[in-house]
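Just so it is clear, the values below take in all heavy atoms, side chains as well, and ignore hydrogens, waters and symmetry mates. The sequence lines fix the lettering, A, B, ..., with proteins before strands; numbering per chain opens at 1.
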Amino acid sequence: MERGLTMNEKQFQDQKIVLIDGHSILNRAFYGLPDLTNAEGLHTNAVYGFLNILFKILEEEKPEYLTVAFDVHAPTFRHEMYKEYKGTRKPMAEELRQQVPVIKEVLKAMGIRLIEQAGLEADDLIGTLSRRCEEAGMQVVVLSGDRDFLQLATKKVKIRIPKTKQGRTEVEDYLEEDVKEKYQVTPKEFIDVKALMGDTSDNIPGVPSIGEKTATKIIVEYQTIENAYAHVDELKPPRAAKALKEHYDLAQMSKELATINVHADFPYEVEEGKIGELFTAEAYEWFQKLEFKNLLGKFEIQAPASEIEDSFVTVTDPAGMDAVFEKAAGAGTVGVVLERNTENVLPLFAAMSGISGAVLAFSADGKDEIVSIQTGNGISADALMERLSALTESRAQISMFDVKKELPHVRTCRRENFFDVHVAAYLLNPLKSSYEPDDVAREYLDLTIDAKLSEEKKSCYEAYTMYRAADVLREKLKEYGMEALFDEIEMPLVFALFDMEQAGVKVEAEALKEYGQDLGVQIERLEAEIFELAGETFNINSPKQLGVVLFEHLELPHGKKTKTGYSTAADILEKLAPDYPVVSKILEYRQLAKLKSTYADGLVNFISEDHRIHGTFNQTVTATGRISSTEPNLQNIPIRMELGRQIRKVFVPEEGFVFVDADYSQIELRILAHCSDDEALIQAYKEAKDIHRTTASQVFHTPFDEVTDLQRRNAKAVNFGIVYGISSFGLSQDLSITRKEAAEYIDRYFETYPGVKAYLDGEVAFAKEHGYVTTIFGRRRPVPELSSSNFMQRSFGERVAMNSPIQGAAADIMKIAMIRVNQRLREEQMESRIVIQVHDELLVEARIDEVEKVKEILKEEMEHAADLKVPLIADMSVGSNWYEAK
DNA sequence: GAGCTCACG
DNA sequence: ACGTACGTGAGCTCC
């Protein structure tokens with residue numbers, strides 16, 4: 001029979017081939033890795049895991065040949081899981097299904113031989129290939145997650161089974177001997193064992209009442225099912241004898257099913273499996289698209305890179321520097337990277353340290369120029385920054401990465417002239433965790449900046465990236481309808497945030513320390529009381545130890561459990577507090593411990609020499625478009641509980657100043673009214689009604705004036721729930737009512753405001769169709785979770801689709817207000833300044849004689865930041881500290 | 001470094 | 001049946 005193998009030739013002698021069970025490995029990878037998606041929302045975890053296993057095996061085995069086998073599913077089976085799941089007929093997860101064609105394309109791009117054959121399962125393809133190759137004198141390695149393949153193991157055929165243990169991939173190896181060692185039977189006998197015991201997932205019935213133990217025992221003694229049947233009366237235990245006698249036909253059929261065909265007939269030339277260059281340009285494109293960044297390192301640096309390096313120039317003399325700046329001033333876009341003097345500087349101070357050079361990248365006379373200007377030898381850092389400041393006044397667009405961070409080095413600048421690559425990349429996909437220059441280069445320019453390059457070269461590549469990316473990102477922003485959002489909101493905001501960070505906020509260190517000491521005393525007292533009541537000492541800060549003490553030693557009734565133990569979260573403990581004094585003490589302890597560590601002690605560490613805290617307000621972090629605050633977080637200073645609220649007394653204005661605090665009234669619900677166009681909701685806001693009372697009145701069919709406090713409170717919770725993407729479960733948790741009751745509230749809410757219902761449904765439908773949602777200002781949030789087959793994930797996606805346009809629009813509006821308020825304070829030469837933003841609130845440190853003007857500006861600019869179908873309302877308050885001003 | 005808890009809007 | 005409200009950041013414990 002022609003098998004396509006030239007067995008009489010010795011060309012394959014002692015060569016090695018790796019045979020991979022494609023679906024099995026893909027499946028292993030899929031379930032072993034968290035759900036990863038690329039920017040387009042394509043699920044990539046299985047492909048990523050597959051490639052990692054593949055590279056690992058190739059590295060270990062160093063084979064000359066490689067072939068990956070796939071099943072061809074008949075149409076009726078198309079939606080079913082491969083093998084392992086056929087038995088239970090579960091549909092293949094959608095996220096996995098969409099990755100099957102992807103891995104095939106990726107493998108093809110790497111020039112890897114794929115094989116699939118209608119009517120033959122991958123098992124049979126691999127079984128036959130392993131036999132043919134072995135006969136040709138080759139070493140064979142079979143890679144699969146499926147133990148069935150153990151029957152193929154010989155001295156020259158090694159079965160490798162990857163397992164994921166706590167995120168790490170370990171591979172179990174089986175040559176013939178290893179199978180014997182582990183299962184006490186030869187690979188051939190392994191078939192009979194399996195046939196006797198059966199395998200539900202594989203649709204192998206097996207013999208009833210015979211399990212793994214008995215099956216192994218029988219085959220160890222009799223080697224085959226046929227031989228065991230011949231001695232059936234001697235079989236022990238008698239139960240097994242009886243079963244085999246009655247079900248011998250079943251056993252034979254099972255054996256047939258369990259046997260992998262090693263003599264299948266299909267065309268295949270071993271030579272086709274020869275491994276060539278895996279890291280082709282085509283493969284590179286796929287890896288880019290799938291965003292497998294750490295795999296890109298396997299590729300040689302791309303050809304364009306070396307061409308770019310031809311344009312690198314270094315300048316160290318003043319005349320050369322002037323010439324470069326002059327040329328750059330005439331360019332359209334200039335990419336700029338500042339180089340810091342990091343030697344002998346602690347990392348913490350790196351940002352403030354001196355500038356050692358700058359790289360400018362631009363196009364002049366039709367060719368790229370990437371010029372590195374180094375300080376020293378006649379060029380001072382001051383002179384360099386002076387030229388840079390002047391450059392910002394030219395017509396050129398200055399493209400930089402994280403402008404807010406670089407701005408302290410630029411003495412003066414025309415704020416209109418910047419393009420922030422960091423911010424643009426964030427707008428295009430706010431779900432990423434990093435937007436570093438090399439990420440941008442890779443994603444948008446197909447350019448790899450090798451991490452191993454020298455700092456100087458890296459800076460050049462980065463400057464080049466800034467220069468090139470500006471146009472590419474702008475095109476993409478245009479395509480997404482986000483150019484106005486970028487130009488009119490995000491870029492101007494960079495400077496508003498910069499001013500706010502520079503201003504900082506004054507904090508009274510001494511008062512804060514005293515507050516912390518008071519807390520310390522109280523905490524010690526509580527700690528002693530808790531140990532007394534508990535009858536033992538332990539670490540109250542350890543949820544684990546606390547759980548053991550409360551729920552095992554003291555035997556308190558426990559609520560839900562977490563993965564690692566009993567939940568000791570506040571909502572659980574609060575239910576126990578009335579009955580157990582020790583629990584109330586613990587809650588109190590927790591509260592005080594939090595206040596001391598995070599706020600009292602925590603904030604003290606951030607007070608600078610100028611007695612102020614200069615936190616960072618991040619513009620590229622949140623999924624919805626909000627700003628976030630770090631080092632320290634100034635957006636979660638306590639307010640809800642009186643004791644914590646006291647902390648706000650240490651936030652004070654400068655001598656001669658007061659605080660003016662302005663916050664939007666229910667901005668998210670107003671946006672909901674606007675977006676949903678719901679008549680009743682709009683009417684309520686137009687009439688300036690108490691919205692929660694109005695909702696309560698309508699939902700509970702109660703006259704407006706007769707609404708009880710409880711009804712109003714419930715209605716308020718429903719209003720909040722709507723904004724979060726309502727679910728009956730969530731609402732029931734919040735109100736401590738049953739899910740059924742919560743569902744009724746929601747139903748009645750939607751009856752009251754049918755426009756809201758239609759709007760929210762519409763957002764979910766839009767997201768399902770397009771994979772993202774947008775705010776009224778065009779801000780986009782992808783929602784990859786919506787294509788998940790996991791109920792929880794999908795539900796989350798639905799809530800995100802409902803919430804993001806609202807939360808995002810609120811963020812947009814506040815950003816506009818901040819820009820305009822900041823602008824006016826500057827234009828009108830006032831000394832008052834915004835010092836903190838907390839999502840719907842602005843805290844302004846106002847010079848006493850400017851207070852009225854500040855209030856006017858805040859009210860005006862906040863209330864008119866957007867023109868909605870309902871009024872926007874900002875409430876003002878003045879005080880001599882943040883506690884008073886709220 | 002992950003998981004838990006809790007501070008805010 | 002699944003097991004949640006949306007968006008953050010920080011401190012603590014424990015592996």
Side-chain angles (χ1 to χ4, degrees), chain A residues 34 166-167 430-431 538-547 560-573 586-587 589-603 605-606 615-618 621-641 643-645 647-648 663-664 666-668 672 717-718 720-735 739 742 746 773 781 783 785 788-808 810-811 814 836-841 886:
Chain A
Q166 281 138 14
L431 298 187
F538 61 100
N539 188 344
I540 308 169
N541 288 323
S542 163
K544 196 177 159 190
Q545 291 183 38
L546 181 60
K560 62 186 166 191
K561 282 184 140 192
T562 62
K563 275 172 246 169
T564 48
Y566 307 96
S567 172
T568 65
D571 58 332
I572 305 278
L573 297 191
I586 290 166
L587 284 167
Y589 170 93
R590 280 237 181 107
Q591 202 195 345
L592 301 194
K594 175 91 175 180
L595 289 175
K596 180 162 165 59
S597 68
T598 306
Y599 299 104
D601 301 350
L603 285 176
N605 293 324
F606 288 101
T616 305
F617 288 89
N618 309 294
V621 170
T622 71
T624 53
R626 275 188 177 180
I627 287 161
S628 92
S629 164
T630 49
E631 295 181 316
N633 183 350
L634 295 171
Q635 291 180 320
N636 71 345
I637 305 301
I639 189 166
R640 293 174 190 165
M641 307 290 282
L643 182 64
R645 193 174 190 152
I647 292 209
R648 294 185 171 227
D663 71 312
Y664 277 116
Q666 297 162 348
I667 186 169
E668 291 184 339
L672 178 66
V718 176
F720 265 97
I722 294 293
V723 171
Y724 290 158
I726 197 89
S727 80
S728 55
F729 185 89
L731 185 63
S732 70
Q733 287 289 299
D734 191 48
L735 290 178
R739 270 181 71 170
I746 295 168
V773 286
R781 166 163 188 184
V783 195
E785 296 87 354
S788 171
S789 62
N790 178 302
F791 174 84
M792 202 195 79
Q793 287 267 308
R794 212 168 48 242
S795 304
F796 173 73
E798 288 169 4
R799 293 195 294 271
V800 161
M802 294 188 258
N803 171 266
S804 294
I806 299 171
Q807 190 183 122
M814 178 52 110
I836 289 175
Q837 185 255 38
V838 195
H839 311 307
D840 65 353
E841 167 192 358
K886 265 299 270 184

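Taking only side-chain nitrogens and oxygens, Arg626(A) never comes nearer than 4.0 Å to OP1 or OP2 of dG9(B). Between Arg781(A) and dG7(C) there is a side-chain polar atom (N or O) within less than 4.0 angstrom of OP1 or OP2. Residue Arg640(A) places at least one side-chain N or O closer than 4.0 Å to OP1 or OP2 of dG9(B). The shortest distance between the side-chain N/O atoms of Arg799(A) and the OP1/OP2 oxygens of dC6(C) is below 4.0 Å.
Candidate nucleotides dG9(B), dT4(C), dT8(C) were compared by shortest atom distance to the side chain of Asp840(A), and dG9(B) ranks first. Closest approach to the Ser628(A) side chain among dC2(C), dC6(C), dG9(C) is made by dG9(C) (side chain taken as heavy atoms from C-beta onward). The Ala623(A) side chain lies nearest to dT8(C) when the options are dT8(C), dC6(C), dG9(B). Minimum atom distance to the side chain of Asn636(A) is reached by dA7(B), of the listed dA5(C), dC6(B), dA7(B).
Heavy atoms of Ser804(A) sit nowhere under 4.0 angstrom from any nucleic acid atom. Among the atoms of the strands shown, only primed sugar atoms or phosphate atoms (P, OP1, OP2) are found under 4.0 Å from some heavy atom of Glu631(A). Contact annotation for Ile806(A): no contact, since no heavy-atom pair falls under 4.0 Å across all strands. Gln733(A) comes within contact range of no nucleotide atom at all, as no heavy-atom separation falls under 4.0 Å. At the heavy-atom level, Gly721(A) lies under 4.0 Å from base atoms of the strands shown. At the heavy-atom level, Phe720(A) lies nowhere under 4.0 Å from the strands shown. If you check every strand for non-hydrogen atoms under 4.0 Å, Ala570(A) touches sugar and phosphate atoms only. Val723(A) comes within 4.0 angstrom of nothing in the nucleic acid, heavy atoms only. Ala742(A) comes within 4.0 angstrom of no nucleic acid atom, judged by non-hydrogen atoms across all strands.
Between the P atom of dC6(B) and the NZ atom of Lys596(A) lies a distance of 19 Å, rounded to the nearest Å. Note: CZ (Arg739(A)) to P (dC2(C)) measures 10 Å, nearest angstrom.
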Toss me the dot-bracket line for DNA chain C: Watson-Crick and G-U wobble, both under 3.5 Å, 5' to 3', using | for pairs to another strand and [ ] for crossers.
.....|||||||||.
Verify side chain to side chain contact (heavy atoms under 4.5 Å, CB included) between Asn636(A) and Tyr599(A), making sure each step is shown before the conclusion.
CA-CA 10 Å; Asn636(A) 71 345; Tyr599(A) 299 104; 3.4 Å; yes
Derivation and outcome, side chain to side chain contact (heavy atoms under 4.5 Å, CB included), residues Leu546(A) and Tyr566(A)
CA-CA 9 Å; Leu546(A) 181 60; Tyr566(A) 307 96; over 6 Å; no
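Checking side-chain atoms of Thr622(A) against main-chain N and O of Gly625(A) turns up a donor-acceptor pair under 3.5 Å.
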Give me the distances for all protein-to-nucleotides 12-15 of chain C N/O pairs that come in under 3.5 Å?
unit_1: dT13(C); atom_1: OP1; unit_2: Asn539(A); atom_2: ND2; d: 3.1
unit_1: dT13(C); atom_1: O3'; unit_2: Ser542(A); atom_2: OG; d: 3.2
unit_1: dC14(C); atom_1: OP1; unit_2: Ser542(A); atom_2: OG; d: 2.5
unit_1: dC14(C); atom_1: OP1; unit_2: Gln545(A); atom_2: NE2; d: 3.1
unit_1: dC15(C); atom_1: OP1; unit_2: Lys544(A); atom_2: NZ; d: 3.0

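The C1' atoms of dC2(C) and dT5(B) are separated by 25 Å, rounded to the nearest whole Å. Distance noted for atom P between dC8(B) and dG3(C): 30 Å (whole Å).
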